[in-house]
Structures are given as C-alpha cells and as structure tokens.
Amino acid sequence: MRRNDEELAKMRKAGKVVAEMHEETRAAAKPGVTTAELDAVARAVLDRRGARSNFLGYHDFPAVICTSPNSMIVHGIPGAYRLEEGDILSIDCGAIIEGYHGDAAFTMGIGNISAEAAKLIEVTERSLWAGIEQLKKGNALHEVGRAVQNVAEANGFSVVREYVGHAIGTAMHEQPQVPNYWPGNRGPTLKTGMVFAVEPMVNAGSPETEMLDDGWSVVTADGRLSAHFEHTIAVTADGPEVFTLA
Ligand code: MG
Ligand code: MG
C-alpha cells in the first residue's frame, strides 16, 4: 500500500504523539515505579493530544502501552510490577490520529545495569537503524531483516523469529510483514509512500520464545535478557523518513 502526501502528513502527526509517549514514559521509569503508573503517563499524553490508542482493546489488550521487563521480549501488560535498579524495560507505544497509526518501542536501563544488558540495548538499537537504512525506493524489503540480523549476530546475540515488523497505515498491523532476519527471499520491492514499522527483538541467548499464561507476555525460553526497538518509517524520494522520532 502506498500512502499519498495527505496520509503521510497524518502519520507524521501520529508518530509525534508516539515520540512524546516515549519521552514521558522514559522520564517516569525509575526504581520503585510500577508499570501501571507508566501506562497512566502514556494515557495522559494521548488525552492531551486528542489521540486514540491502537493498543487498548486490541484483541482485548487492557492498556495503551506494552511494558516488558528483563527476559520478557514483547507484549507485557502494565500492572503491579515495580521496577528495580538493574532492570531493563522495553516500552512499546502506539497512537492513532485522524485514523492513521504510529507504533514505536524502545528499551532502557533502570538505574545502573550490567555491561551485558547495556550492550544488548545498544546493539538492538543499532540493528534497528541498520534496518531503517535499507528502506530505500527500489530496494528489496527483506534487506531490512538481513541488515538487522547481521548487526545482532555479529555481536553474539540472536534475533526472534516468531514476532516481526509490519506495514502500518489505517491499521496498526498491515501486510506485508517485515522479518528481522533474512527469510530466504527478497520480498516486495520498496516504493515511495510505503510505510513500515521495523522492530527488531534481540535476545542475549537463544532466539526461542515462550508465552506466559496471561496469553500476552512473550519471554525468552532460556530466561536471558531481551531488547526491542521500533520506529514507524516511510519510504520517500529522499530516503527513509522516521515518523516516531522526537
Ligand atoms: Mg510496537
Ligand atoms: Mg509494531
């Protein structure tokens, strides 16, 4: 699906709201704070900007952000979990403005974190940017995953296979999917006006995942740390434009 300039302008606005949710939840995430409190911070941003949530009610998801600490990869439900010094926390945020969606995530350390945790966060973010660089007119979509995988694996980490990025527009999750690894074929050719959410999930240990009993929380099978970074990006004549940057 290719978006026209008017549609891209709306997605740019939605992206700015998501960036603001990132700034405010990042500032609020400290030892002793619960993940439910971070959800409230994100709700206040949506209210202030007149945006709707694309997470709340999605298959009955009960919050406007996902909060995934430590070995949790994605889709954690905000609640009573109280952040501790040394945790890492992934926060995934989304917003809808005038029917158009933004979606982006980041992982942060809570206070002082281990050297391995800091490296995992740094490498995962770098893998996202390596993927974003591939979002150029005429390139093959699956070059994104190849670039992400190269950065993650060159640093001794692994890439999750079961959960992937996606096209985004009038729905949060549109086709085609955007794998974070080379899937064995080139995929669609990129055209201007296409918009994708690229979202590497990188594990310190093995790539295998497990689902907790709540039906949402995805964790590493080996219990080791995982990080997640995501942006919403358009393919433009001038190269990739990241909508969800502050
Ligand atoms: Mg997301
Ligand atoms: Mg996404």
Side-chain angles (χ1 to χ4, degrees), residues 1 3 11-12 14-26 29 35 38-39 41-43 45-46 51-69 72-78 88-97 100-108 121 124-125 127-129 131-132 134-135 141 144-145 148 159-181 187 194-202 209 216-219 226-235 240-246:
M1 173 80 74
R3 305 289 169 184
M11 297 194 75
R12 206 171 275 126
K16 289 292 178 221
V17 176
V18 175
E20 205 169 321
M21 295 167 84
H22 278 199
E23 281 182 9
E24 298 202 8
T25 54
R26 181 187 284 278
T35 50
L38 298 180
D39 186 63
V41 166
R43 279 178 200 248
V45 175
L46 289 168
R52 291 199 301 121
S53 174
N54 38 12
F55 287 28
L56 184 67
Y58 182 88
H59 298 283
D60 295 325
F61 191 77
V64 303
I65 62 175
C66 299
T67 50
S68 307
M72 199 175 289
I73 302 168
V74 284
H75 303 163
I77 302 170
I88 68 169
L89 178 68
S90 299
I91 301 179
D92 197 346
C93 300
I96 309 172
I97 291 277
Y100 287 83
H101 291 243
D103 181 15
F106 66 97
T107 301
M108 64 182 288
I121 291 171
T124 307
E125 184 169 21
S127 78
L128 168 59
W129 285 101
I132 289 170
Q134 297 299 319
L135 289 175
L141 177 63
V144 171
V148 167
V159 166
V160 168
R161 302 296 199 275
E162 289 94 339
Y163 304 88
V164 295
H166 46 94
I168 179 169
T170 51
M172 180 161 58
H173 295 140
E174 298 184 347
Q175 292 296 326
Q177 295 189 336
V178 184
N180 296 302
Y181 55 93
M194 291 179 165
V195 187
F196 299 99
V198 177
E199 51 177 315
M201 288 145 260
V202 176
T209 70
W216 282 104
S217 307
V218 179
V219 298
S226 185
H228 178 213
F229 279 83
E230 177 180 30
H231 274 305
T232 296
I233 309 110
V235 179
E241 179 183 349
V242 182
F243 287 157
T244 39
L245 273 180

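Each ligand, and each atom within it, is numbered from 1 in the order the structure gives. Heads up: numbering here begins at 1 and tracks the sequence. Any value given below was found using the heavy atoms of this structure, including those in side chains, with hydrogens, waters and symmetry copies removed.
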- [ ] Please name all residues satisfying side-chain contact (heavy atoms from CB on, under 4.5 Å) with Ala95, sequence neighbours left out, ordered by chain then number.
- [x]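 side-chain contact (heavy atoms from CB on, under 4.5 Å) list for Ala95, sorted by chain: Val17, Val18, Met21, Leu46, Ala51.
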
Open item on the list: Short of 2.8 Å from the Mg ion (ligand 1), name each protein N/O/S atom, waters not counted.
Closed with: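 Metal shell, protein only: Asp92 OD1, Asp92 OD2, Asp103 OD1, Glu230 OE1.
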
Task: Reported NE2-to-CZ distance for the pair His75 and Phe61, which is rounded to 0.5 angstrom - done: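 With rounding to 0.5 Å, NE2 (His75) is 8.0 Å from CZ (Phe61).
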
Keeping the roles fixed (side chain from [X], backbone from [Y]), state whether a donor-acceptor pair exists under 3.5 Å.
{"X": "Asn54", "Y": "Gly102", "answer": "yes"}
{"X": "Ser226", "Y": "Val202", "answer": "yes"}
{"X": "His228", "Y": "Ala105", "answer": "no"}
{"X": "His101", "Y": "Ile96", "answer": "no"}

Open item on the list: Regarding His173, does it place an N, O or S atom less than 2.8 Å from the Mg ion (ligand 2)?
Closed with: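 It does not; every qualifying atom lies at 2.8 Å or beyond.
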
